[in-house]
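To start, I am sharing the structure in question, which I have written as structure tokens.
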There are 2 protein chains.
Amino acid sequence: MANDKIKNMEEFAALSGISRPTVSKYFNDPESVRPKTRARIEEALQEHDYRPNMYAVNQNRKLTKNIGIVVPSLVDPYFAEIARNLERRCIDAGYRPTLFSAHGETHHEVDVLMTLRSIKPSGVLLAPLGRATDRAVLEKFCDDVPTLIFDSSVEQFGLAFVGSDNNQFTTHITDYLCRTGEPPCFYEMKTPANPNAHRRRQAYIEAMESFGLTPHVISIDGEGWEFEEISRLGGHKALEEGAFPTNTVLCSNDRLAIGLLTACYERGVKVGRQPDAVIRVAGQDGHPYSRFTCPPLTTISHDYDAVSKTAANALFDAIEGQVEPWKSTRIEGKLILRDSA
Amino acid sequence: MANDKIKNMEEFAALSGISRPTVSKYFNDPESVRPKTRARIEEALQEHDYRPNMYAVNQNRKLTKNIGIVVPSLVDPYFAEIARNLERRCIDAGYRPTLFSAHGETHHEVDVLMTLRSIKPSGVLLAPLGRATDRAVLEKFCDDVPTLIFDSSVEQFGLAFVGSDNNQFTTHITDYLCRTGEPPCFYEMKTPANPNAHRRRQAYIEAMESFGLTPHVISIDGEGWEFEEISRLGGHKALEEGAFPTNTVLCSNDRLAIGLLTACYERGVKVGRQPDAVIRVAGQDGHPYSRFTCPPLTTISHDYDAVSKTAANALFDAIEGQVEPWKSTRIEGKLILRDSA
DNA sequence: ATAAAACTTTTACGCGCGTAAATTTTCGGT
DNA sequence: ACCGAAAATTTACGCGCGTAAAAGTTTTAT
């Protein structure tokens with residue numbers, strides 16, 4: 001590979017012996033030029049290592065190949081995992097994904113949307129903050145940019161919604177817990193950052209009632225995204241006060257469960273389904289670390305692949321012109337039986 | 001705010017009653033125009049909501065305001081945390097950071113570097129994969145783009161290196177473990193993905209020898225970045241074979257420790273510093289989840305703030321023209337005493 | 001071989017903005 | 001009120017590429 005610095009397409013076109021407009025066509029779609037021409041360009045490409053200037057390209061294209069991926073927090077392994085999954089799918093589909101995190105705060109989410117506008121993405125995959133999302137800003141954004149909402153829905157904004165079926169999640173695991181021991185109480189944050197929390201509480205209550213049982217919800221104090229620590233503290237308080245009416249606790253999500261397990265450990269409360277255990281704890285999400293808690297956490301897991309595949313494909317379809325009415329796709333979770341419940 | 005769509009700076013300049021070049025100056029540096037002029041522009045800005053076209057701007061600027069942040073894996077909470085920290089600092093300093101993950105693989109890291117070239121960043125903060133990094137590619141990249149290497153150094157590439165002092169980490173915690181119980185053996189992966197692992201093993205050996213003790217290194221099998229699971233399996237094997245020559249295990253990093261704790265739990269091996277515990281386990285890194293293991297993990301923590309602050313500032317200085325010879329800054333960690341050791 | 005179809009080349013313009021040079025306006029100090 | 005300096009304006013060009021139109025060339029089908 002020669003080390004000559006090629007500074008623009010003009011020069012590269014000259015070196016490859018092809019006209020610049022044709023080279024331009026090639027970069028926009030290699031299949032659009034004659035095989036012989038393509039071969040010559042690719043040959044020159046190997047020797048001279050040239051890449052079109054991104055900024056000049058996107059200035060003139062009606063549609064960039066950019067896709068924005070936005071999650072509430074990249075520090076949360078659940079979102080990190082799904083973002084990774086989505087990123088890969090975008091790249092494989094020939095797009096250029098860019099990752100953004102709202103860092104759990106409204107104003108950051110708003111900033112991200114402003115930034116996104118400036119890169120003129122052809123589409124956006126957005127997992128909203130939820131309760132903390134600025135509805136008006138998001139709605140306006142969805143009007144301007146093809147946006148697919150995932151993880152938690154915000155009204156009927158955007159192209160469509162794809163997420164997990166929180167009702168099924170909670171109903172399913174509640175059912176399991178009822179069948180294998182005492183019916184669970186529900187452990188959650190009083191003011192949850194995650195909007196799915198509301199759905200899950202509701203689903204728990206309905207499931208319990210449909211089984212002819214009385215639901216019990218324990219709502220702990222705490223603000224923000226430090227779920228584990230909030231739950232650890234709340235767990236201590238609940239255990240001390242004897243706030244759990246049954247020996248089975250269904251947590252609104254795995255991170256709360258992780259914190260609760262720590263609280264149990266610190267108080268010497270044995271968790272599990274063995275005879276000598278005094279409490280069963282279950283989570284929801286299929287958090288990457290749920291396998292490594294002590295005891296390993298029984299949970300109901302998102303189908304990460306299915307969610308991200310459905311979401312990504314729906315966006316790609318919309319970008320490529322398919323117009324479909326707004327719809328909501330909710331994907332079932334899989335129960336993961338481990339030792340904690 | 002009027003809803004008229006302003007399509008370029010020309011129009012906006014007309015509406016604000018200021019000439020386009022002056023408006024351009026304003027956007028590049030609001031302080032560079034007369035206060036009265038600035039006020040008029042900002043007034044118009046509120047009413048008409050215009051933002052310069054990013055692509056047109058960066059096409060002509062010698063130096064974009066972009067900064068690339070690259071980590072080996074965003075799914076690893078340690079890197080997610082430090083990436084978050086760096087991202088914030090870039091934004092606060094007026095830059096536009098973009099996050100990239102190498103997903104633990106060489107070819108992805110190479111791809112990221114190619115992508116980075118195309119966005120013409122004014123600087124890059126890069127945590128290399130380490131052993132798996134393509135040296136030649138990285139070296140060439142560092143020649144072309146101002147790059148600051150952090151977390152693990154690769155020769156003397158880039159502007160400088162900023163990371164934790166792995167020698168101090170390991171020496172310090174080894175010392176602590178020796179003083180409070182049996183001297184530790186060292187638990188690591190045979191072929192670690194993380195290059196700091198080598199330094200830490202070496203530091204352990206030297207520390208032990210300086211204390212007049214015999215070092216013992218247990219190297220477990222496994223490839224890739226699924227440290228916890230690799231460690232859990234390796235831990236089972238080691239415990240079964242009685243491979244630990246002492247009751248104290250110092251893990252090369254917290255993720256290995258988390259897996260080992262799970263293995264211990266699954267075998268009913270009690271971990272901790274209480275009299276009835278049979279093994280002590282310590283980690284290294286100050287992983288966000290180390291607080292929530294059972295028992296909570298004793299570890300030596302990165303000074304996340306100091307590392308990211310030093311790294312970011314060094315890059316900013318270089319971008320702003322300060323030329324300094326390559327240097328390596330290694331920041332000490334803080335021992336976090338918890339129940340596991 | 002010939003005509004039609006498909007592809008390239010040439011030419012030319014525009015995108016939205018940075019930026020330099022020359023000129024005019026504005027401002028603070030006296 | 002006057003003058004010099006600082007700032008704003010006018011004018012003009014260029015960045016690297018997309019893209020359209022017209023003309024030329026190659027390929028494919030008949």
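Each chain gets a letter, A, B and so on, in the order its sequence line appears, and its residues count up from 1. Since the model is a prediction, treat every value here as computed from it, not as a measurement.
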Worksheet item: Separation of B:Met54 atom CE from C:dG18 atom C1', in whole Å?
Response: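 Atom CE in B:Met54 sits about 15 Å away from atom C1' in C:dG18.
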Worksheet item: Any idea which of D:dT9, C:dT10, D:dA12 is nearest the B:Ser19 side chain?
Response: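 For the B:Ser19 side chain, the nearest candidate turns out to be D:dT9.
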Discussion item. Suppose we call a contact any N or O donor and acceptor under 3.5 Å apart; does that hold for the side chain of A:Arg20 and the base of D:dG16?
Written reply: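 Answer no: no donor N or O sits under 3.5 Å from an acceptor.
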Worksheet item: If you look at every strand shown and take non-hydrogen atoms under 4.0 Å, does A:Pro21 touch a base, only sugar-phosphate, or nothing?
Response: base
For residues 314-328 of chain B, please give each side-chain donor-acceptor pair under 3.5 Å, one per line with the distance, not counting sequence neighbours.
residue, atom, partner, partner atom, Å
B:Glu320, OE2, B:Tyr95, OH, 3.1
B:Trp326, NE1, B:Gln156, O, 3.4
B:Trp326, NE1, B:Phe157, O, 3.0

Worksheet, complete the sentence: Closest of D:dG16, D:dC17, C:dC17 to the A:Met9 side chain is D:dC17
Worksheet entry | Atom-pair distance (NZ on B:Lys120; C1' on D:dC17), nearest Å |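 To the nearest whole Å, that distance equals 12 Å.
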Fill in: Spacing between A:Ile6 atom CD1 and D:dC17 atom C1', to the nearest angstrom
15 Å
Discussion item. I'd like to know if A:Glu43 pairs up with A:Arg40 as an ion pair, taking the criterion as any Lys NZ or Arg NE/NH1/NH2 lying under 4.0 Å from an Asp or Glu carboxylate oxygen.
Written reply: no
Fill in: Beyond-backbone contact of A:Phe161 with A:Val154, side-chain heavy atoms, under 4.5 angstrom
no
Discussion item. Using the rule salt bridge (charged side-chain N to carboxylate O under 4.0 Å, His left out), only one of B:Arg96, B:Arg89, B:Arg88 pairs with B:Asp92; which is it?
Written reply: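 Going through the options one by one, the only one that passes is B:Arg88.
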Worksheet item: Looking at CD of A:Glu10 and OG of A:Ser24, how far apart are the two atoms once the value is rounded to the nearest 0.5 Å?
Response: 11.0 Å
Worksheet item: Just to confirm, is there a sub-4.0 Å distance from OP1 or OP2 of C:dC17 to any side-chain nitrogen or oxygen of B:Tyr50?
Response: yes
Practice prompt. Check the distance between C:dC17's P and B:Phe12's CZ and give it to me in whole angstrom.
Written response: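 Going from B:Phe12 (CZ) to C:dC17 (P), I get 11 Å.
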Worksheet entry | Separation of C:dG16 P from B:Glu11 CD (nearest whole Å) |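 After rounding, the gap between these two atoms is 9 Å.
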Worksheet, complete the sentence: Side-chain atoms of A:Asn60 come closest, of C:dG14, C:dT10, D:dT11, to C:dG14
Discussion item. Of the listed nucleotides (D:dT9, C:dC17, C:dT10), which one gets closest to any side-chain atom of B:Asn53?
Written reply: C:dC17
Fill in: Within residues 24-43 of chain A, residues whose heavy atoms come under 4.0 Å of DNA chain C
A:Val33, A:Arg34, A:Thr37
Worksheet item: Rounded to whole angstroms, how far apart are CD on A:Glu10 and C1' on D:dG14?
Response: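 Value for this atom pair: 14 Å.
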Discussion item. Whole angstroms only, please: what is the CG-C1' distance between A:Asn58 and D:dG18?
Written reply: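 From A:Asn58 CG to D:dG18 C1': 11 Å.
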Worksheet item: Roughly, in whole Å, what's the span from CZ in B:Arg61 to P in D:dG16?
Response: 16 Å
Discussion item. Reading DNA chain D from 5' onward, which residue's closest nucleotide shows up sooner: B:Gln59 or B:Ile18?
Written reply: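 Its nucleotide being nearer the 5' end, the pick is B:Ile18.
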Practice prompt. Assign the ring pair B:Tyr50 / B:Phe27 to parallel, tilted or perpendicular, where the plane angle (0 to 90°) is split at 30° and 60°.
Written response: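 It falls in the perpendicular class, over 60°.
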Fill in: Check: A:Asn58 and A:Asn66 side chains under 4.5 Å, non-hydrogen atoms
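Touching, per the 4.5 Å side-chain cut-off.
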